[in-house]
Amino acid sequence: MKDFNYTLEISANQEEVFNALTNSFQIELWTGYPATMDDQVGTVFALWEGDISGCNIQVVKDYKLVQEWFFGETENPSIVSFTLKKAGKNTLIELTHTNIPDEAYEEIVEGWKDYYLGSMQNFLEFS
C-alpha cells in the first residue's frame, strides 16, 4: 500500500472549489458522467459510472472533505482528504490519499492529476 500527497492551486474561491467537489450537478459538468455526491457525512457516493465509490466520513463546509474510497477487499480503508486553504484570490487544495493498492498506484496518481483535479481545475478556471 502506498500514499499520495499532492497540492494544487486553483483560480477560484474555497466555496466554488468545495461545491465542485461535493455538488453532484457540478461534478457531472466537469467529469461528463452521472455522479452521486453531496456534502453530508455518511453519504455513499459514486463517480465515473461507479469506477470511484466511497463514503464521506468528515465534512467541514468550504474547508475539508474526508472520504473512504472502496477498493475491493482491502484490509485497511483507503482515505482521501481534501483540505482547502485560501491563497490570495485562489484556493490551495491539499490532497492526501492513503492506502492505495500497489498495483493501482500509478493509475490513481495519473487519475488525480489528469482527470479528477485537472478536470475540476479546467472547469472552474475556464467555464
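Everything numeric here is computed off the predicted structure, so don't read it as measured data.
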Any [X] side-chain heavy atom under 4.5 Å of [Y] side chain:
X	Y	answer
I27	F45	no
T22	F82	no
K2	I108	no
D38	N56	yes
F18	V59	yes
N19	E16	no
L84	D62	no
V17	M120	yes

Just how far is it from atom [atom1] of [X] to atom [atom2] of [Y], taken to the nearest 0.5 Å?
X	Y	atom1	atom2	value
W69	L47	CH2	CG	7.0 Å
I10	N90	CD1	CG	9.0 Å
Q67	L21	CD	CG	8.0 Å
I93	T83	CD1	OG1	10.0 Å
N13	K89	CG	NZ	11.5 Å
K64	E94	NZ	CD	9.0 Å

Which residues satisfy the side chain to side chain contact (heavy atoms under 4.5 Å, CB included) test with T98, sequence neighbours excluded?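 So T98 forms a side chain to side chain contact (heavy atoms under 4.5 Å, CB included) with D3, I79, T96.
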Could you check whether atom CD of E9 has more than 12 heavy atoms from other residues, nucleotides or ligands sitting under 6.0 Å from it?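 Yes, because the 6.0 Å sphere around CD of E9 holds more than 12 heavy atoms from other groups.
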Return yes when atom NZ of K61 has more than 12 non-hydrogen atoms of other residues, nucleotides or ligands closer than 6.0 Å, and no otherwise.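 Count over threshold, so yes.
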Using side-chain contact (heavy atoms from CB on, under 4.5 Å), reason through E110 and Y115 one step at a time and then give a plain yes or no. CA-CA 8 Å; E110 178 185 358; Y115 300 105; 4.3 Å; yes
Using every non-hydrogen atom in the two residues, find where E125 and S11 come nearest and quote the distance to one decimal.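 E125 and S11 have their closest heavy atoms at OE2-N, 2.7 Å.
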Kindly give the heavy-atom pair with the smallest separation between E68 and P77, and that separation in Å.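 For E68 versus P77, the nearest heavy atoms are OE2-CB, 3.4 Å.
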Working note: I52 + Y33, criterion side-chain contact (heavy atoms from CB on, under 4.5 Å); need CA distance, chi angles, decisive distance, verdict. CA-CA 12 Å; I52 296 173; Y33 294 98; over 6 Å; no
Side-chain (T91) to main-chain (A12) donor-acceptor, under 3.5 angstrom: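 Such a contact is found between T91 side chain and A12 backbone.
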When you measure from the side chain of E28 to the backbone N and O of A35, does any donor-acceptor pair fall under 3.5 Å?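 Yes: the side chain of E28 pairs with the backbone of A35.
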Cluster overlap [X] with [Y], hydrophobic side-chain contacts below 4.5 Å:
X	Y	result
L124	L92	no
I57	F70	no
L95	V66	no
I100	L8	yes

List, by chain and number, the other hydrophobic cluster members for Y63, where Ile, Leu, Val, Met, Phe, Trp and Tyr join if side-chain heavy atoms come within less than 4.5 Å, directly or indirectly.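 Reading the cluster by chain and number, Y63 sits alongside V60.
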Partner of Y116 under ring pair (Phe, Tyr, Trp, His ring centres under 6.0 Å), chosen from Y6, W30, F123: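 The residue from Y6, W30, F123 that satisfies ring pair (Phe, Tyr, Trp, His ring centres under 6.0 Å) with Y116 turns out to be W30.
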